[in-house]
Amino acid sequence: MDSELKIDFSWLKKNLFYISLILLIGIIVLGVYIRTVNIPQLRDSTTGNYTLGPDLDPFLYLRLSGEILETGSLPFPDYTRYLGRGGPYNNFISFYIAYLYKFLSLFSKDVSLAYAAIIMPVIAFSISTFIFFFFVREIFHSRTDFEKNVIALLATLMYSVIPQMQHRTAAGIPELESAGLIFFWASFFFFLHAWNTNGKIKWLNKKYIYSILAGLSTALMIYTWGGFRFIFLSISIATMIAFFLGKIKKEESITYCIWFWISVITLVSWGGFYATLFDLTASAPAIFVFVLILFNLFFGKVIGKKIRSTIKKEWISDELSILLVTSLFGFLALLAVKPSFALSIFGELVGRLLQPYGNARVALTVAENMQPYTVDILNQFGKGFFWMLFFGTMVLFYETINHFNKREKIILSFGFIIFFTGFVFSRWSSTSIFNGTNFVSQAFYFGTMILFFITLAKVYMKNSKEENKTPELLNLNYSYIFILSLTLLMYLASKGAIRLLFISAPVFTVLVAFLPVVLFSYYRKAKDDLWKICLIVLILLCAFFFVTTFIGYEKSTLGSTRATVPSIYDIHWQNAMSWIRENTDKNSIFVHWWDYGYWVQTIGQRPTVVDGGHLIGYWDHLIGRYLLTTPYPETALSLMKTYGVSYLLIDSTDIGKYPAYSKIGSNEEGFDRFSSIPTFVQDQAQSKKDANYSTSVYSGSSAYVDEDIKYENGGNEIFLPENKAAIVGIITNTPNNQIISQPTLVFLYNGKQVNIPSR
């Protein structure tokens, strides 16, 4: 009698997909719960009605959705913005809110437009979570059913709680990103599915059906959120790599062209022809790949043969020949149409690699647009997540090149490790030798990149000879190429601006989920006992990091959502806007720093000169220079008279924003107005009082001096250079019952403290 216990897993294998769907629903429910715990507190203190959370832009979309319900369209011109220069609007977010309100009204007449705006991001997040799961499954379609479902579930689980996504997907924050995520993942899913699928539905190739859906998803993304640029970049980069490898045949060419035409026609209607043609971060790479594919379809063999016979190099493939010819013709065409753009394109590319988000004054004075360091990104995600992501990316690259022979895998892997290390750590911190701006860090950054490209070129040349083209290039997995391209793109985006962590974070979860599953796959195939033990240790370590990271993220996201409610500061604004509604004329025009525009327009129901849309960026400069930092009151009055202003609005937080508007208000040649108003708080431990005098010591964050200071002290000159010496404290020594004495300023320069009486 056989006493062994046998477990039949056949039922589990047959129903693995349906079990995954049930678990997916549970993950979505968790995400919805986390994002709705703040709804009871989303109330206006002056009316008791529902109101949005503590953000600015959503109030614009709420006001516009009300206009849609009232008039059936968006206002143009919009007289509440920029003195009647507002609009036209080419964004669907307000329509989503308006039609969601109409839908919810079918079930309850008590639903308000504000409530529809509150719940919209949560509904959008639920849909995006569902599509994200299938997108991840499609990436790993070539792996076993167990592996691709587990990777997708783990990635989606982390997706539901990752803190970087919390704020813009929580109830009360109807931002562009929450709705855009739906079409972001849908575009990727349908395009990859078009690439990976085969067969026909009646007479129509399935690839073309899914490529149409990918194009329509991208079109909707264009009219929802500016993140559509990542769709264009990632698909065009991955497709260009696939083209090099000889993987672009007739069906793949048509698949790309269908997606391209639907997307680019939409982009032209959205931003105009010239804006589309010269947008380096969106259409330009996609257009280049499109032309590349057309040249290959019609002239590939002829051009390849001609160039090989001319240069007499066997390793020059048809694909490389087409690339050289297309690049030359493209450059000459740009030179003819827009010479300045053509001549500066390489410098622009280098600049984008160093500063992906640009260096415009207005953009970089917004906190969420600041360029972070790698240490900031590590702190944002946590060490466990960061290192799983780092090594997960390396393992995915190894999996991508798994068809190559052992020697080539070692060469390529070594090259990628060096490149990826430089790519990630060349901008470690502001105090490190790798600060991203000095020669050493930039040499490390570009040097490792060049070394990797040389490694790739060497292997490519060996494997691309036309008469002996090896299957290693042809067998590379397009989905892996795509996710690697997207991941590197998101690394670059993360180094560009803090706000872009929102979209890079969910992409990173794919690599974090992939790592433990692929290690388990290695364990199942391993034969060496020592190697098995090492893999078990690594799997357990990954499991520990994943679980602890998930628990930490869930607590953080839940806590952040609870706090996504009107604070005391917001309640003061609600009261102020209530006063404005009841005590000012409806045609009164308000001027202020741009931050508060949407609040005044929507809650106060009054027009403003500027707002967060920066429709006329020059006006931000004028207000910063001639209103908020001018030493001449008559200049401020003249500016307000020009704009027909009725009220000047000042907020206490404008003190802390002084560096922003003084920088934007500075002259074009330099920063003549740039300064800051630091806060110094009394240090009770160092302050003292006796029978005759009161000595108070105030300390605060370092405030760098705006100009050189030269001070004569007993025949010795003290020199403190601008932007290097800093004020770190203030001391007052006042006789009792007297007015405060002239303070002494405490400066710090080169590690030495200097006390100088203030002027």
Side-chain angles (χ1 to χ4, degrees), residues 22-59 61-62 93 96-97 100-101 103-104 107-108 110-130 132-133 153 155-182 368 380-382 385 499 501-502 505-506 509 547-571 573-574 603:
I22 294 171
L23 294 173
L24 174 62
I25 292 170
I27 292 171
I28 293 173
V29 170
L30 172 66
V32 169
Y33 166 73
I34 290 173
R35 284 163 175 78
T36 54
V37 293
N38 62 332
I39 290 181
Q41 282 73 49
L42 294 174
R43 296 281 182 175
D44 189 306
S45 62
T46 63
T47 65
N49 298 327
Y50 277 115
T51 189
L52 302 183
D55 255 28
L56 300 167
D57 292 7
F59 283 92
Y61 312 137
L62 177 61
I93 190 72
Y96 300 152
I97 296 172
L100 176 61
Y101 165 73
F103 175 75
L104 295 176
F107 303 95
S108 174
D110 296 329
V111 172
S112 66
L113 179 62
Y115 182 80
I118 285 170
I119 204 69
M120 188 279 290
V122 181
I123 295 174
F125 173 80
S126 303
I127 299 171
S128 74
T129 305
F130 186 81
F132 178 78
F133 170 80
L153 284 171
T156 308
L157 184 64
M158 196 66 79
Y159 178 92
S160 69
V161 299
I162 197 162
Q164 286 72 24
M165 294 180 61
Q166 175 272 329
H167 188 72
R168 294 175 185 269
T169 57
I173 311 294
E175 283 279 16
L176 309 175
E177 290 90 337
S178 56
L181 285 174
I182 297 173
E368 63 181 11
Q380 282 268 342
F381 288 109
F385 186 97
R499 69 178 300 173
L501 291 178
F502 169 86
T509 65
V547 171
T548 54
T549 300
F550 172 80
I551 293 172
Y553 281 2
E554 192 273 339
K555 289 181 179 178
S556 175
T557 303
L558 185 61
S560 297
T561 304
R562 292 188 193 280
T564 307
V565 296
S567 63
I568 295 297
Y569 175 72
D570 300 286
I571 291 172
W573 266 92
Q574 292 170 2
I603 310 174

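Residues F130 and I28 have side chains in contact (heavy-atom distance under 4.5 Å, counting atoms from C-beta outward). Between R562 and N38 the shortest side-chain heavy-atom distance does not fall below 4.5 Å. Side-chain contact between P58 and E175 is present, with at least one heavy-atom pair separated by less than 4.5 Å. Side-chain atoms of Y50 and I39, non-hydrogen and from C-beta on, do get closer than 4.5 Å to each other. P121 has its side chain out of reach of R168: every pair of non-hydrogen atoms, C-beta onward, lies at least 4.5 Å apart. Counting only heavy atoms from C-beta outward, the side chains of I173 and L52 never approach each other to under 4.5 Å. Using a 4.5 Å heavy-atom threshold, the side chains of F381 and P163 count as separate. Between L24 and T156, the closest side-chain pair of non-hydrogen atoms falls below 4.5 Å.
When ring centroids are compared, F132 and F125 stay outside the 6.0 Å threshold.
How far CD1 of I162 is from OG1 of T549: 9.5 Å, rounded to the nearest 0.5 Å. If you take OH on Y115 and CG on N49, they are separated by 14.5 Å, rounding to the nearest 0.5 Å. A distance of 10.0 Å separates OG1 in T509 from OH in Y553, rounded to the nearest 0.5 Å. Rounded to the nearest 0.5 angstrom, I22 CD1 and I27 CD1 are separated by 12.5 Å. To the nearest 0.5 angstrom, I571 atom CD1 is 9.0 Å from D44 atom CG.
T557 and Q166 share no side-chain donor-acceptor pair at under 3.5 Å. A side-chain N or O of T169 and one of R35 form a donor-acceptor pair less than 3.5 Å apart. Between the side chains of S160 and E554, not a single donor N or O lies within less than 3.5 Å of an accepting N or O. For the residue pair S112/Y101, the side-chain donor-acceptor check at 3.5 Å is not satisfied.
Screening V111, L113, I123 against L100 for a side chain to side chain contact (heavy atoms under 4.5 Å, CB included) leaves a single residue, I123.
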F385/M158 under side chain to side chain contact (heavy atoms under 4.5 Å, CB included): CA gap, chis, key distance, verdict:
CA-CA 10 Å; F385 186 97; M158 196 66 79; 4.0 Å; yes

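The aromatic rings of F103 and F107 sit perpendicular, their planes meeting at an angle over 60°, well past the 30° parallel limit.
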